[in-house]
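For reference, the structure discussed in these notes is given below.
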There are 4 protein chains.
Amino acid sequence: MANRAALRAKSPHQATKQDRRRDEVLDAAAAVFAAKGFHAATTKDIADRVGLLPGSLYYYFESKEAAFVAVCRRRGQGFNARLAAILAGPGTLSDKVRAGIAQHLRHNRAELVSTIAFGERALPGGGGAELRALGRVYERLWERIFRAAVRARELPHDFDCRSATVALLALCNGAIHWYERKSPREIERIAARFADYFLNGALPRRGGLETRHRTAPP
Amino acid sequence: MANRAALRAKSPHQATKQDRRRDEVLDAAAAVFAAKGFHAATTKDIADRVGLLPGSLYYYFESKEAAFVAVCRRRGQGFNARLAAILAGPGTLSDKVRAGIAQHLRHNRAELVSTIAFGERALPGGGGAELRALGRVYERLWERIFRAAVRARELPHDFDCRSATVALLALCNGAIHWYERKSPREIERIAARFADYFLNGALPRRGGLETRHRTAPP
Amino acid sequence: MANRAALRAKSPHQATKQDRRRDEVLDAAAAVFAAKGFHAATTKDIADRVGLLPGSLYYYFESKEAAFVAVCRRRGQGFNARLAAILAGPGTLSDKVRAGIAQHLRHNRAELVSTIAFGERALPGGGGAELRALGRVYERLWERIFRAAVRARELPHDFDCRSATVALLALCNGAIHWYERKSPREIERIAARFADYFLNGALPRRGGLETRHRTAPP
Amino acid sequence: MANRAALRAKSPHQATKQDRRRDEVLDAAAAVFAAKGFHAATTKDIADRVGLLPGSLYYYFESKEAAFVAVCRRRGQGFNARLAAILAGPGTLSDKVRAGIAQHLRHNRAELVSTIAFGERALPGGGGAELRALGRVYERLWERIFRAAVRARELPHDFDCRSATVALLALCNGAIHWYERKSPREIERIAARFADYFLNGALPRRGGLETRHRTAPP
DNA sequence: TATGAATGAGGTTTCATTCAT
DNA sequence: TATGAATGAAACCTCATTCAT
């Protein structure tokens with residue numbers, strides 16, 4: 001029921017030490033969920049990672065599923081906030097697509113949001129709805145980026161924004177297995193390349209001095 | 001021990017009836033694994049689907065993991081065989097990419113191969129290696145398609161075939177959630193669109209009479 | 001969900017062997033619940049009593065609470081059926097009160113229905129409602145016995161049937177602790193005495209040759 | 001070890017404030033035990049009720065069972081003291097029975113002594129013996145009331161005092177479920193009615209102008 | 001006097017798996 | 001070929017209790 005964690009947040013800035021520990025626990029949970037998925041992850045896995053016993057985790061959250069949702073919520077909100085900033089900021093469609101893809105891959109590698117959240121069809125409890133809602137918000141933000149580009153005549157007036165969103169997210173989410181162990185520098189390169197594919201395609205454009213899609217010099 | 005499954009395949013041509021039943025069981029397993037993932041799927045789920053009791057499944061396979069690997073193996077081999085045929089066949093790069101993406105989405109929707117196989121990081125037993133090997137074969141086939149296009153001067157000589165493969169597979173695998181309930185006809189449309197994105201990109205090509213990426217007429 | 005036990009009852013008379021085992025398990029559960037109450041009883045207690053492991057109990061019922069409810073339902077229905085037969089049968093009020101009290105004490109000693117069912121305020125799940133409903137049926141049957149006596153002029157027209165029911169049930173249920181280890185013969189004597197107290201009171205009736213309430217000869 | 005509770009009661013008259021707090025805690029424990037029973041009650045339930053954390057309760061008692069015993073002891077001693085006063089006081093048997101039943105119901109409603117104490121067959125620790133002893137004292141007091149009435153010729157010389165005690169206590173204890181939410185005024189009425197049932201019985205006495213057992217005017 | 005954090009034992013439950021029939 | 005009964009391990013979770021602060 002009402003977790004003790006809810007009793008916190010009394011003193012506005014002194015709550016940090018307690019919250020820090022809670023964050024440690026949730027970070028451990030995030031790591032384990034990312035590595036194994038919700039169902040294969042055990043409370044013992046998480047507990048071991050923070051040096052607790054499984055039962056002690058329940059001091060910090062009410063259930064395994066609640067921890068999972070908390071993890072996804074925090075990560076997902078960060079995702080949405082960053083993409084909203086990109087949408088609201090300056091730049092052409094290309095700029096925004098590049099920035100959006102880059103931040104997606106960057107944080108998804110570090111936090112594995114999509115792996116965690118999308119990996120679980122049907123949570124046992126009722127937590128799935130909130131996660132799906134967060135995902136829809138993210139999709140809508142991408143769609144608005146495309147629609148803004150249509151309004152700015154960067155894209156034809158009958159451009160299929162929905163479909164582009166689906167393709168872009170598919171591209172980004174489908175690749176985690178390949179880049180999850182890459183260095184941050186390489187992530188940026190992959191992100192740039194994905195943006196290129198998405199914006200320009202693999203085929204050479206006629207008349208352009210193309211530097212895209214070339215093998216990276218070692 | 002010597003599993004009862006090993007007692008099968010005695011009479012060389014009478015095995016068909018038994019094998020048919022075994023295929024039914026594996027199909028049920030495939031469906032359940034696709035719907036829930038390996039860990040969340042229970043032997044009871046599978047048994048219910050074929051009208052058996054959980055214990056009776058062990059007449060057909062040695063363990064839940066063995067069933068999972070068998071499912072993925074069969075589906076994965078089909079995937080590889082079809083792509084190999086495309087690679088060996090005639091046509092330009094564009095033709096092959098379109099055909100490859102189409103068959104990937106088609107069969108992935110029906111059989112959810114990538115969902116099943118990639119969804120499971122770390123199987124409990126040792127079955128993961130075989131699945132990863134199957135996946136690598138598939139990747140290599142795609143790479144060979146691109147390399148052939150480079151040799152045929154359809155792509156620049158320094159085209160990054162590896163990277164293109166990663167992007168293409170990411171695009172295809174990342175979208176299952178969106179198309180898994182679509183009709184076969186719509187799958188074909190999505191596949192065509194994905195191929196367009198991959199080959200030509202989202203941005204309008206100058207000087208072309210573009211019909212790509214438009215909103216589909218209702 | 002749908003327990004395997006629900007799949008039974010196919011062959012109308014051959015189901016007995018399976019049902020007999022299930023009854024054994026439920027009897028064990030009844031004994032443990034009666035001895036310790038719902039909360040203090042553990043699944044291990046029950047399992048030990050039938051020579052099973054705790055997990056194996058779930059082959060026979062879905063949860064500890066479901067077992068508890070099943071036990072109470074069966075016992076309670078027997079209670080109600082027997083009292084309904086007394087109500088419908090012949091005899092004066094005194095006869096029926098004597099018979100009703102006797103059967104209550106008799107079966108409550110053997111099956112501890114009221115101990116089990118009334119002992120639990122607030123079951124964790126939702127099973128409490130059914131049990132309360134069963135109890136209300138029993139109360140109503142007693143009330144009808146009194147009302148029938150009013151109609152038959154055995155009791156004054158303004159006799160408080162409800163209040164009598166409460167008193168009678170209080171008398172019967174409150175005494176389990178004293179008679180739960182007594183022999184069947186002594187139970188009958190106690191029942192007769194309780195009926196006397198209830199019908200005639202402790203004080204001597206004037207003008208009557210009283211043999212009631214005397215110390216039993218050894 | 002030496003519990004902190006032992007550190008109390010140092011200054012002989014300053015102990016009042018501490019004791020008051022301890023009483024509050026025990027009252028909370030009593031309420032929770034009464035509402036849920038010993039096993040279903042949790043230390044958190046009790047702590048919540050006094051605005052403490054569960055661990056803080058151990059400043060006031062050594063264990064949950066110790067708290068339970070303390071609660072029952074205090075309540076039980078009050079019960080016994082009041083009944084002893086009635087026994088020692090003036091009045092006929094009827095007067096004493098009426099007074100005894102009234103005080104029993106009165107305080108049992110408020111403090112649920114019998115519910116608490118009798119509800120628990122088999123405490124985990126060794127506290128049960130003391131509680132049973134307290135109960136036996138109470139029973140003996142009632143028996144002495146009846147024996148005094150025999151000596152005073154209010155009851156026949158062979159009246160079964162033991163049996164009357166059992167019946168009376170059964171009547172009083174078995175009815176808590178019905179009267180625990182009634183108002184004090186109604187409790188008094190119920191007590192009077194129970195006393196009537198116990199003394200005179202339900203059947204009409206011949207030749208008496210009976211006002212007993214009538215439905216209460218609204 | 002009370003808290004916050006943790007323990008550890010034990011509880012209920014799930015489930016892959018086995019095996020006699 | 002399949003069932004029914006059971007196992008045993010491990011899962012999630014609860015909770016009385018401890019102890020440094």
Side-chain angles (χ1 to χ4, degrees), chain A residues 4-5 7-8 17-18 21-22 25 39-47 50-65 67 124, chain B residues 1 3-4 7-8 17-18 21-22 39 41-47 50-60 62-65 67 124, chain C residues 4-5 7-8 17-18 21-22 25 39-47 50-65 67 124, chain D residues 1 3-4 7-8 17-18 21-22 39 41-47 50-60 62-65 67 124:
Chain A
R4 288 184 196 86
L7 302 178
R8 271 177 308 96
K17 202 168 71 186
Q18 313 178 13
R21 185 75 172 123
R22 181 166 204 264
V25 173
H39 287 283
T42 71
T43 53
K44 180 165 191 311
D45 291 332
I46 300 171
V50 271
L52 286 178
L53 291 176
S56 305
L57 295 176
Y58 291 78
Y59 187 77
Y60 296 100
F61 44 72
E62 290 165 33
S63 69
K64 184 186 161 188
E65 180 171 348
Chain B
M1 296 293 131
N3 194 356
R4 292 191 199 86
L7 301 179
R8 268 179 315 99
K17 203 171 67 188
Q18 308 178 9
R21 187 80 173 115
R22 178 165 208 268
H39 281 95
T42 71
T43 53
K44 181 169 189 310
D45 291 332
I46 300 170
V50 272
L52 288 177
L53 290 177
S56 308
L57 296 176
Y58 289 77
Y59 186 82
Y60 297 101
E62 291 166 33
S63 71
K64 184 184 162 190
E65 180 171 349
Chain C
R4 286 184 198 85
L7 301 178
R8 271 178 307 97
K17 203 170 69 189
Q18 313 179 13
R21 186 72 172 126
R22 179 165 207 265
V25 173
H39 287 285
T42 70
T43 52
K44 180 166 191 310
D45 291 332
I46 301 171
V50 271
L52 286 178
L53 292 175
S56 306
L57 296 176
Y58 290 77
Y59 187 78
Y60 297 99
F61 45 72
E62 291 164 32
S63 69
K64 182 185 164 189
E65 180 170 350
Chain D
M1 296 295 132
N3 195 355
R4 292 190 198 86
L7 301 179
R8 266 179 316 99
K17 204 172 66 187
Q18 308 178 8
R21 187 79 173 117
R22 178 166 207 267
H39 281 95
T42 70
T43 53
K44 179 169 191 307
D45 291 332
I46 301 171
V50 271
L52 287 178
L53 289 176
S56 308
L57 296 176
Y58 289 77
Y59 185 83
Y60 297 103
E62 291 165 33
S63 70
K64 184 185 161 189
E65 180 170 349

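To find a chain, count down the sequence lines: A is the first, B the second, and so on, and within it residues start at 1. Only this structure's heavy atoms are used, side chains among them; waters, hydrogens and symmetry mates stay out.
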Which part of the nucleic acid, if any, lies within reach of C:Leu57 when heavy atoms closer than 4.0 Å are counted: base, sugar-phosphate only, or nothing?
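It contacts nothing in the nucleic acid.
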
Round to the nearest Å and state the distance from [X] atom [atom1] to [N] atom [atom2].
X: C:His39; N: F:dA16; atom1: NE2; atom2: C1'; answer: 17 Å
X: C:Lys44; N: E:dT12; atom1: NZ; atom2: P; answer: 11 Å
X: C:Tyr60; N: F:dT7; atom1: OH; atom2: P; answer: 9 Å
X: A:Leu52; N: F:dT14; atom1: CG; atom2: P; answer: 16 Å
X: B:Glu65; N: E:dT17; atom1: CD; atom2: C1'; answer: 14 Å
X: B:Ile46; N: E:dC15; atom1: CD1; atom2: P; answer: 12 Å

Ignoring the backbone of [X], work out which of [options] is nearest its side chain.
X: C:Tyr59; options: E:dA6, E:dA2, F:dG4; value: F:dG4
X: C:Ser63; options: E:dT13, E:dA2, E:dT17; value: E:dT13
X: C:Thr42; options: E:dT12, E:dT17, F:dA6; value: E:dT12
X: B:Arg21; options: F:dG4, F:dC12, F:dA2; value: F:dA2
X: A:Leu53; options: F:dC12, E:dT7, E:dA5; value: E:dT7
X: B:Lys64; options: E:dT17, E:dA5, E:dT3; value: E:dT17
X: D:Thr43; options: F:dA6, F:dT17, E:dG8; value: F:dT17
X: A:Tyr58; options: F:dC12, E:dA2, F:dT7; value: F:dC12

On DNA chain F, check which nucleotide each of C:Gly55 and A:Gly55 is closest to and give me the residue with the more 5' one.
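Mapping each residue to its closest nucleotide by heavy atoms, the 5'-most match is C:Gly55.
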
Contact nearer the 5' end of DNA chain F, comparing C:Gly51 with D:Ala41
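Nearest nucleotide further toward 5': that of C:Gly51.
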
Side-chain N,O (D:Ser56) to OP1/OP2 (E:dT3) below 4.0 Å:
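Answer yes for this pair, as a side-chain N or O of D:Ser56 is under 4.0 Å from OP1 or OP2.
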
Within less than 4.0 Å of OP1 or OP2 of E:dA5, is there a side-chain N or O belonging to A:Arg22?
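No, A:Arg22 has no side-chain N/O under 4.0 Å of OP1/OP2 on E:dA5.
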
Need the pair for F:dT7. Rule: Watson-Crick or G-U wobble, both distances under 3.5 Å, any strand; none if unpaired.
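Its partner is E:dA16.
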
Under 3.5 Å for both donor-acceptor distances, Watson-Crick or wobble: does E:dT21 have a partner, and if so which one?
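Matched E:dT21 with F:dA2 under the 3.5 Å cut-off.
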
Enter the distance from D:Tyr59:OH to D:Leu52:CG here, rounded to the nearest 0.5 Å.
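Answer for the OH-CG pair, D:Tyr59 versus D:Leu52, is 12.0 Å.
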
